[in-house]
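Report on one structure; see the data block that follows.
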There are 2 protein chains.
Amino acid sequence: MIDVKAPFILYAQAEVFYDGRACSTLEIGNYLIIHKTDGALLIEASTKTTPRNYQGPGATLEQRAHILISRRKQETIKIVIHKLHSISYLSNWSASNIIITKTEKELVNKIIDNWADYVPGEFVTIQQEFPTLLGPVDIVGVDTNRLHHVVEVKRKNISVPHVSQLDRYISAIRDIGEDAVGYIAAPNIGKNALAYCATQGFQYIKVDF
Amino acid sequence: MIDVKAPFILYAQAEVFYDGRACSTLEIGNYLIIHKTDGALLIEASTKTTPRNYQGPGATLEQRAHILISRRKQETIKIVIHKLHSISYLSNWSASNIIITKTEKELVNKIIDNWADYVPGEFVTIQQEFPTLLGPVDIVGVDTNRLHHVVEVKRKNISVPHVSQLDRYISAIRDIGEDAVGYIAAPNIGKNALAYCATQGFQYIKVDF
DNA sequence: ATTTGCATGTCGACT
DNA sequence: AGTCGACGTGCAAAT
């Protein structure tokens, strides 16, 4: 009846039961059921971006009478189909990924290329991906007084956890016996994050694409 | 002509451009485009659960020649349709929500709400998601003797690794100089896990939905 | 209206 | 296979 090997979109009156990390029930109604080539399964209702129920890549689909069962690891979705309105198998469905531009790296490059505009002083080195025990910092500039200017860059809004992250980087650099001051750079910053910066003595660098 | 007021699913050869919190491009290919009654828009490819591009509820859709434009706040999606394979308008598409049951959180709440039934004693604080170096513990109650009652909750059966996890949490709390006793709570527990609990001096709390 | 924290988060990178 | 961090996170509840 349904080719569970092929990708398809199915519009049907159905009810859905999920068991796995939690349990859920979706009451009987008309839903859009999407089966992808990698086994992913979506049950979409008429509102919101996120599906009502879903199963990730690698799920296996089988049919028993008017019931579709998708299994993946410890998770199971059971779709009871009461009335099949339409089904259509998609051929040559693309799997391309989006390409994101305006990346963090782009901002990092802009700051380094125009370093003097953002951080005044005489600098000996400006280094990207400066290694610390907690992982690499985006940019660290060392001035003639050996003071480390630590810049953490985000491509969108800065929130409190990002400032906290900078705080830990600063600590890590001070732990190795270097003096350091902190900067956080992004197109925007949240109010709380800005206040947090003030308490920590960090400076916000507004940088746009 | 596409009825941009109605909910529909559209299979087409298209390319997609997004601008908003970031920028993205999706190369030309065959994609499934879903327009929901609340304005939400999804561009689905043949793999993965998450859509390649999307727009949340409240977005407005308009058509200009062979280009669909969805706008929402500061975000824009432009879909250039090269070849329309099929379009279907969904009638009586349900908006029902799922009902979630049997989550770990539900059990955690039940234990906290009825704390005295599960853990006897005089308590100063009862804290959820108690932070440790190994991550948060579900519940920690501190009694008048400063003894920490550490409760790890699972939504199904407890097996040996879960008890081992509790063991590590207890160690982490003792490492910060606090005295601690362990409890593990779930609807069921395996025989080996129960024996392991006995050796470690942990207590099993049976809790049901 | 804004902020906070959870999610069946998903997903990719790295160990 | 597990862990970690980012995400155009989305989403609902609390403030």
Side-chain angles (χ1 to χ4, degrees), chain A residues 16-26 36 38 40-44 47-59 70-78 97-105 134-136 138 152-162 164-165 168 186-188 190-193 195-196 209, chain B residues 16-26 36 38 40-45 47-59 70-77 97-106 108-109 128-129 131 134-136 138 155-156 161 165:
Chain A
V16 184
F17 303 92
Y18 163 78
D19 189 18
R21 279 170 277 190
C23 288
S24 77
T25 60
L26 179 61
K36 297 192 175 185
D38 65 352
L41 183 74
L42 310 174
I43 292 105
E44 299 278 359
T47 62
K48 298 179 191 170
T49 57
T50 52
R52 293 301 187 272
N53 290 99
Y54 56 89
Q55 196 81 275
S70 171
R71 288 178 203 278
R72 182 185 187 250
K73 297 181 182 175
Q74 299 293 325
E75 302 182 291
T76 307
I77 286 180
K78 204 193 310 187
N97 288 308
I98 62 170
I99 294 164
I100 299 235
T101 53
K102 296 191 178 178
T103 60
E104 182 179 300
K105 184 139 189 49
L134 298 174
D138 291 323
E152 183 62 22
V153 181
K154 294 294 162 192
R155 60 185 290 275
K156 45 158 189 163
N157 287 26
I158 288 163
S159 57
V160 170
H162 299 140
S164 176
Q165 183 184 15
R168 294 195 302 276
N188 283 294
K191 196 176 293 182
N192 292 342
Y196 188 14
F209 289 102
Chain B
V16 184
F17 303 91
Y18 162 79
D19 190 17
R21 279 173 276 190
C23 287
S24 79
T25 59
L26 179 61
K36 296 191 175 186
D38 64 353
L41 183 73
L42 311 175
I43 291 106
E44 299 278 358
T47 61
K48 301 178 192 169
T49 56
T50 52
R52 292 301 187 272
N53 288 102
Y54 56 88
Q55 197 79 275
S70 172
R71 288 178 203 277
R72 181 185 186 252
K73 298 178 181 173
Q74 298 293 325
E75 301 184 290
T76 307
I77 287 179
N97 288 307
I98 62 171
I99 296 165
I100 296 219
T101 55
K102 300 186 181 176
T103 60
E104 185 179 297
K105 186 141 185 50
E106 197 177 326
V108 169
N109 289 338
Q128 284 186 49
E129 297 289 316
L134 299 174
D138 291 323
R155 62 178 289 272
K156 278 187 170 174
Q165 183 184 16

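Residue numbers start from 1 in every chain, and the chains themselves are labelled A, B, ... in the order their sequence lines are given, proteins ahead of strands.
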Of B:Thr47 and A:Arg52, the one whose closest nucleotide on DNA chain C sits nearer the 5' end is A:Arg52
Do A:Arg21 and B:Arg155 have side chains that get closer than 4.5 Å, going by heavy atoms? no
May I ask you to say what A:Gln55 touches in the nucleic acid, namely base, sugar-phosphate or nothing, with a heavy-atom cut-off under 4.0 Å? nothing
For the side chain of A:Ile100, counting heavy atoms from C-beta on, which of C:dT10, D:dG8, D:dC11 is nearest? D:dG8
Remember a base hit wins even if backbone is also touched, and classify A:Asp19 as base, sugar-phosphate or nothing at under 4.0 Å, heavy atoms. nothing
Closest to the B:Arg21 side chain: C:dG12, D:dT9, C:dT8? D:dT9
Rounded to whole angstroms, how far apart are CG on B:Leu26 and C1' on D:dG8? 14 Å
Just verifying a value: how many Å separate B:Thr47 OG1 and A:Asp38 CG, rounded to the nearest 0.5 Å? 5.0 Å
Indicate, with a heavy-atom threshold strictly under 4.0 Å, whether A:Ile98 touches base, sugar-phosphate, or nothing. nothing
Taking only the side-chain nitrogens and oxygens of A:Thr50, find out if one of them lies under 4.0 Å from OP1 or OP2 of C:dA7. no
Would you say B:Lys48 reaches C:dG12's phosphate, i.e. side-chain N/O to OP1/OP2 under 4.0 Å? yes
Side-chain atoms of B:Asn53 come closest, of D:dG10, D:dG8, D:dA12, to D:dG8
If we take the C1' atom in both C:dT8 and D:dA14, what is their distance in whole Å? 24 Å
Nearest-angstrom distance from the residue atom CG of A:Leu41 to P of C:dT8: 16 Å
Considering only atom C1', compute the distance from D:dG8 to C:dC14 and round it to an integer number of Å. 24 Å
Atom of A:Tyr54, atom of A:Ile77 and distance for their closest heavy-atom approach: O-CD1, 3.2 Å
In whole Å, I'd like the distance from the NZ atom of A:Lys73 to the C1' atom of D:dA1. 9 Å
With rounding to whole Å, what would you report as the distance between C:dC6 and D:dC7 at their C1' atoms? 15 Å
For residues B:Lys48 and B:Arg52, determine if any side-chain heavy atom of one lies less than 4.5 Å from a side-chain heavy atom of the other. yes
Taking only side-chain nitrogens and oxygens of A:Lys154, does any of them come within less than 4.0 Å of OP1 or OP2 of D:dC7? no
5'-most contact on DNA chain D: B:Gly20 or B:Asn97, nearest heavy atom basis? B:Gly20
Mind checking A:Pro51 for me? I need base, sugar-phosphate or nothing, with any heavy atom below 4.0 Å counting as a touch. nothing
Rounded to the nearest angstrom, tell me the gap between atom CZ in B:Arg72 and atom C1' in D:dC11. 11 Å
Is there a side-chain polar atom (N or O) of B:Tyr54 under 4.0 Å from OP1 or OP2 of D:dG8? no
Determine whether A:Asn97 and A:Ile99 make a side-chain contact, defined as any pair of heavy atoms from C-beta on separated by less than 4.5 Å. no
Judged by nearest nucleotide, the residue sitting upstream toward the 5' end of DNA chain D, B:Pro57 or B:Ser24, is B:Ser24
Protein-nucleotide distance (A:Asp38, atom CG; C:dC11, atom C1'), rounded to Å: 12 Å
For the residue pair A:Thr49 and B:Gly56, what are the closest heavy atoms and their distance? CG2-CA, 3.4 Å
B:Phe17 CZ to D:dG8 C1': how many Å, rounded? 17 Å
